[in-house]
Visitor: 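One structure coming up, written as structure tokens, with questions to follow.
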Amino acid sequence: MKATIDPTERRALHTAALGTQSALVIRRVELDFSDANVRWCPKAPEYAHLLNAISSFVPHLEAFLVKAVRAAAAQLPADAAPELRRDAERFAMQEARHSKQHLRFNRRMHECGFDWLEPHEAGMKADFQRFLDVKGLRFSLAYSEGFETFGPLVARFFFENGADLMAGADDVAVDMWLWHFAEEYEHRDVCNYLYAELYGSYRARVYGLWYAAIHLFGYAARMAWKMIDADLDAGVLRGRWRTRARFARVLARLFANLVPTLVVRCMRPSYDPHLIAPPAGVVAYLDTMRATYGTLDR
Ligand SMILES: [Fe+2]
Ligand SMILES: [Fe+2]
């Protein structure tokens with residue numbers, strides 16, 4: 001695989017792409033989790049716990065993304081596309097709003113008996129701080145881009161290939177995930193384009209991608225397993241091996257949907273997230289959320 005792409009040519013493509021899109025929209029979504037059921041997906045309880053485990057690190061991850069992206073934007077060259085600076089700030093605002101809703105949901109999880117997650121969450125927070133302080137901005141931005149690479153792929157799973165898993169689940173949790181990953185699709189260019197402007201190294205990007213994948217999914221799988229075990233011990237879930245087999249099937253289904261595109265498309269030196277088509281229903285869903293909650297601008 002060719003490990004380089006002409007930076008001038010790539011910059012021209014990115015500038016053209018940025019010129020075609022309007023500013024990212026900051027939807028003022030506010031969700032009420034005060035009575036939320038943390039076992040929100042009765043048809044696929046193991047899937048709900050996998051997403052719950054992901055939610056538990058999201059506020060710390062997104063605080064890290066915001067710091068990395070703002071630090072990167074501050075280092076952009078004077079002739080960088082002005083839309084990239086604008087979108088970097090609006091990316092930070094979108095991520096901050098995702099964090100706020102996940103924090104509320106996580107508080108509800110802690111209240112409902114999953115407070116043992118807190119030291120694990122603190123461990124992830126410490127990892128992210130170490131990335132910024134010790135590993136530096138190039139690694140942190142490559143890691144951020146690694147996570148962001150998953151955004152459109154997970155959005156496609158939520159809206160298309162895995163949509164049946166959330167059918168009939170509690171609306172408030174479903175909205176948190178659909179809104180969050182629809183916006184992850186929407187702002188998919190930002191980290192990639194910032195990284196290309198500042199560093200561009202293909203190998204460091206791919207290293208960041210796999211580092212983030214193993215760090216985040218490793219944590220999520222371990223915590224989901226513990227949450228499922230806690231529910232089995234409490235008698236909320238029944239049939240230990242049947243439950244574990246269902247969890248393994250959910251993981252296998254998710255990976256079968258994400259990994260081929262990750263390897264075949266996202267690992268190419270010429271990968272450009274702008275060219276990924278919106279998953280079915282994403283644009284209409286974002287329009288509905290905008291109409292329901294309003295935006296920061298209007
Ligand atoms: Fe986010
Ligand atoms: Fe994001």
Side-chain angles (χ1 to χ4, degrees), residues 18 21 23-31 33 50-73 83-106 121 124-125 128 131-132 140-159 172-196 205 208-209 211-213 215-217 219-220 258 262 266 271-274 276 278-279 282 285-286 289-290 293 295-296:
L18 286 162
Q21 57 195 26
L24 293 167
V25 177
I26 318 298
R27 298 170 190 81
R28 305 178 68 161
V29 173
E30 297 286 353
L31 300 168
F33 294 108
L50 179 64
L51 295 182
N52 290 344
I54 292 173
S55 181
S56 75
F57 68 64
V58 158
H60 301 306
L61 167 68
E62 295 193 323
F64 161 80
L65 299 177
V66 166
K67 286 177 192 160
V69 160
R70 284 193 171 137
E83 295 91 347
L84 184 53
R85 249 178 257 281
R86 173 198 72 193
D87 283 352
E89 186 48 33
R90 297 180 81 88
F91 168 101
M93 293 163 85
Q94 283 193 339
E95 295 293 19
R97 297 200 79 85
H98 302 163
S99 272
K100 191 176 163 193
Q101 304 310 312
H102 281 274
L103 260 179
R104 286 181 185 164
F105 180 80
N106 294 350
E121 294 166 12
M124 291 298 271
K125 182 180 180 182
F128 294 126
F131 296 162
L132 290 166
S140 297
L141 194 59
Y143 181 111
S144 301
E145 164 53 9
F147 169 71
E148 290 292 313
T149 303
F150 281 95
L153 307 186
V154 173
R156 188 180 64 191
F157 188 74
F158 283 174
F159 281 85
V172 68
V174 171
D175 272 339
M176 177 176 76
W177 287 107
L178 294 188
W179 158 68
H180 185 168
F181 276 82
E183 288 193 353
E184 291 298 323
Y185 171 78
E186 189 179 44
H187 71 215
R188 66 197 179 282
D189 298 354
V190 174
C191 278
N192 186 282
Y193 286 13
L194 281 173
Y195 180 82
R205 176 175 76 79
L209 171 63
Y211 194 106
H215 183 232
L216 298 173
F217 281 104
Y219 169 94
L258 303 188
L262 201 68
C266 308
Y271 165 64
D272 182 349
H274 184 77
I276 300 176
V282 158
Y285 183 84
L286 285 174
M289 293 306 261
R290 179 183 189 149
Y293 293 99
T295 70
L296 212 60

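What's counted below: heavy atoms across the whole structure, side chains too, no hydrogens, waters or symmetry copies. Counting starts at 1 for both ligands and their atoms, following the listed order.
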Visitor: Does a side chain donor of either Y219 or S56 reach within less than 3.5 Å of an acceptor in the other side chain?
Guide: yes

Visitor: Once you measure the plane-to-plane angle for H274 and Y193, does it fall in the parallel (<30°), tilted (30-60°) or perpendicular (>60°) bin?
Guide: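 H274 vs Y193 ring planes: tilted.
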
Visitor: Restricting to N, O or S atoms of H187, which is nearest to the Fe ion (ligand 2)?
Guide: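 This turns out to be NE2.
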
Visitor: Will you find, in the side chains of H180 and Q101, an N or O donor that is under 3.5 Å from an N or O acceptor?
Guide: no

Visitor: Using only N, O or S atoms, tell me which atom of H98 is closest to the Fe ion (ligand 1).
Guide: ND1

Visitor: Output the atom name for the N/O/S atom of E148 with the smallest distance to the Fe ion (ligand 2).
Guide: OE2

Visitor: Which is the closest N/O/S atom of E62 when seen from the Fe ion (ligand 1)?
Guide: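 Of the nitrogen, oxygen and sulfur atoms in E62, the Fe ion (ligand 1) lies nearest to OE2.
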
Visitor: Quick one about E145 and T149 (side-chain donor to acceptor, distance below 3.5 Å, no hydrogens or angles considered), yes or no?
Guide: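 Their side chains do contain a donor-acceptor pair, which is all the 3.5 Å distance test asks for.
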
Visitor: Has E184 got an N, O or S atom lying less than 2.8 Å from the Fe ion (ligand 1)?
Guide: yes

Visitor: Inspect the contact between E186 and R90 and indicate whether a charged nitrogen and a carboxylate oxygen are less than 4.0 angstrom apart.
Guide: no

Visitor: Determine which of the N, O or S atoms in E95 is closest to the Fe ion (ligand 1) and give its atom name.
Guide: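 Sorting the N, O and S atoms of E95 by distance to the Fe ion (ligand 1) puts OE1 first.
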
